[in-house]
Amino acid sequence: MWTEQQIIEIRAALLRWYDRQGRTLPWRVRPEDRANGVIADPYAVWLSEIMLQQTTIPHGTPYWYKFLDLYPSVEALAAAPLDDVLTHWAGLGYYARARNLHKCAITVATERGGEFPRTKTELLTLPGIGDYTASTIAAICFDQPTNIVDGNVERVISRMHRVEEPLPKAKAFIKSLAAVIADSDRPGDYGQAVMDLGATVCTPRSPLCDSCPWSDWCEALEAGDQTAYPKKAPKKKQPIRFGGAYVMMRDGAVWLRRRPSEGLLGGMMEVPTSEWADVMPSVVPPVEADWSRSPAPVKHVFTHFELRLDVYRTEIDGDPDGEGRWVACEALSTVALPSLFKKVLRAVGI
DNA sequence: AACGCGTGGTT
DNA sequence: TAACCAAGCGT
């Protein structure tokens, strides 16, 4: 292992690199500003961290601007109806994040006077905030010396040490290795620096080792097998499920209903569908009508299965049975409609 | 502890 | 094209 002196040099090399980058993300405080006492806004940082969980920065960033504009404070977010929050989250995926975001905002606004807790331990008690997010907020906003480990850090550390154990089993071990070099003098900058390193230099496919501040200490670079790490457990093939979606139109409006509040796409609106099964279920339309089927099924890939929906469309006069409501086609952007069902509507020309 | 949970971009 | 990937969390 490294001597204390080496560890100090490793930290310093990363922070020198980071300071030189000048990479700015909109919710960040630049190192020079931080040195002058500028404090990151916990609300804005929390919002960004929840949105960026398993989400790329280009995809998440427009949502961050929109939410800050619509809900400039945690109180404003807490006061909004959940359905509005889900509407504005639509398209970002992992909708439990939006439900937890709203729940967390209510807790902070009503039980904590609008102030986020300043310690990792207290942050961990809030809905939607796990180890990574708690560590990050505590470090970036409150200068707490935490050990920030996300997917980027796992890749960087597993390469430096050529960790042979595959993820996700190796998470605890990698985290213990990361803790050895985590910086306690500039916790926020260090955490962002090591994540940036993974995101821009120590990339999954083609790492830019010539530009890496840690190349002197990287075992994988020395061995020439950087991209062999992190080792990952083989993933199983995902099943394909089939079903039918039934688009009912009346006077330029579409019939939508609300999904159950938990589980897949929980709380979001949907076009009525059949059950989703391993083989195409027998077709039982929700109303007797003259249905036309779209030429090609809609394909949609979830995390744990692929869905193929045959899309049927019809015009009806009355109301369908069951819960739901008519939504004018021009007003579809004002409802909590996930991408899957936007695709379904697009497939029949809406 | 392993699995459920979205979506869009890249290779 | 199929596989892989992205600043994880809850149960």
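Order of the sequence lines fixes the chain letters, A, B, ..., with proteins taken first and strands second; residue numbering starts at 1 for each chain.
When the C1' atom of dT7(B) is taken as reference, atom CG of Leu265(A) falls 11 Å away, rounded to whole Å. Straight-line distance from the CZ atom of Arg259(A) to the P atom of dG6(B): 9 Å, rounded to whole Å. Put simply, CG on Leu307(A) is 11 Å from P on dT7(B), counting in whole angstrom units. dA2(B) atom C1' lies 13 Å from atom CD of Gln238(A), rounded to whole Å. In this structure, Trp276(A) atom CH2 and dG6(B) atom C1' are separated by 11 Å, rounded to whole Å. Following rounding to the nearest Å, Leu340(A) (CG) and dG8(B) (P) show an atom-to-atom distance of 10 Å. Atom CG in Leu167(A) sits roughly 15 Å away from atom C1' in dA1(B) (whole-Å rounding).
The same atom, P, is picked in dG10(C) and in dG8(B); the two are 24 Å apart, to the nearest Å. Across dC4(C) and dG6(B), the matching C1' atoms stand 15 Å from one another, rounded to whole Å. Comparing dT11(C) with dA1(B), their C1' atoms are spaced 11 Å from each other, to the whole Å.
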- How does protein reach along nucleotides 4-11 of chain C, written 5' to 3' as B (base within reach of a heavy atom under 4.0 Å), S (only sugar-phosphate), or - (no contact)? BSBBBSS-
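Grouped with Ile240(A) in one hydrophobic cluster are Phe242(A), Met280(A), the linkage being side-chain heavy-atom contacts under 4.5 Å among Ile, Leu, Val, Met, Phe, Trp and Tyr residues.
Contact between the side-chain N/O atoms of His300(A) and the OP1/OP2 oxygens of dG6(B) is not found at any separation under 4.0 Å. In this model, the phosphate group of dC3(B) is approached by a side-chain N or O of Lys236(A) to a distance below 4.0 Å at OP1 or OP2. The side chain of His304(A) contributes an N or O atom lying less than 4.0 Å from OP1 or OP2 of dC5(B).
When ring centroids are compared, Trp89(A) and Tyr63(A) stay outside the 6.0 Å threshold.
In this structure, Arg241(A) satisfies the cation-pi test against Phe305(A), with its NZ or CZ atom closer than 6.0 Å to the six-membered ring centre and inside 45 degrees of the ring normal. A cation-pi contact, defined as under 6.0 Å to the ring centre and within 45° of the axis, links Lys231(A) to Tyr229(A).
Residue contacts for Pro338(A): at a heavy-atom cut-off of 4.0 Å it reaches the sugar-phosphate backbone alone, with no base atom in range. Among the heavy atoms of the strands, none lies under 4.0 Å from Val153(A). Gly266(A) comes within 4.0 angstrom of no nucleic acid atom, judged by non-hydrogen atoms across all strands.
Between Phe305(A) and Lys169(A), the residue anchored nearer the 5' end of DNA chain B, judged by the nucleotide with its closest heavy atom, is Lys169(A).
Residue Thr203(A) comes nearest to Arg155(A) through the heavy atom pair C-NE, 3.7 Å, listed as atom of the first residue, atom of the second, then distance.
Using a 4.0 Å cut-off between a side-chain N of Lys or Arg and a carboxylate O of Asp or Glu, Lys175(A) and Glu154(A) do not qualify as a salt bridge.
The number of heavy atoms from other shown groups lying within 6.0 Å of CD (Glu32(A)) is above 12.
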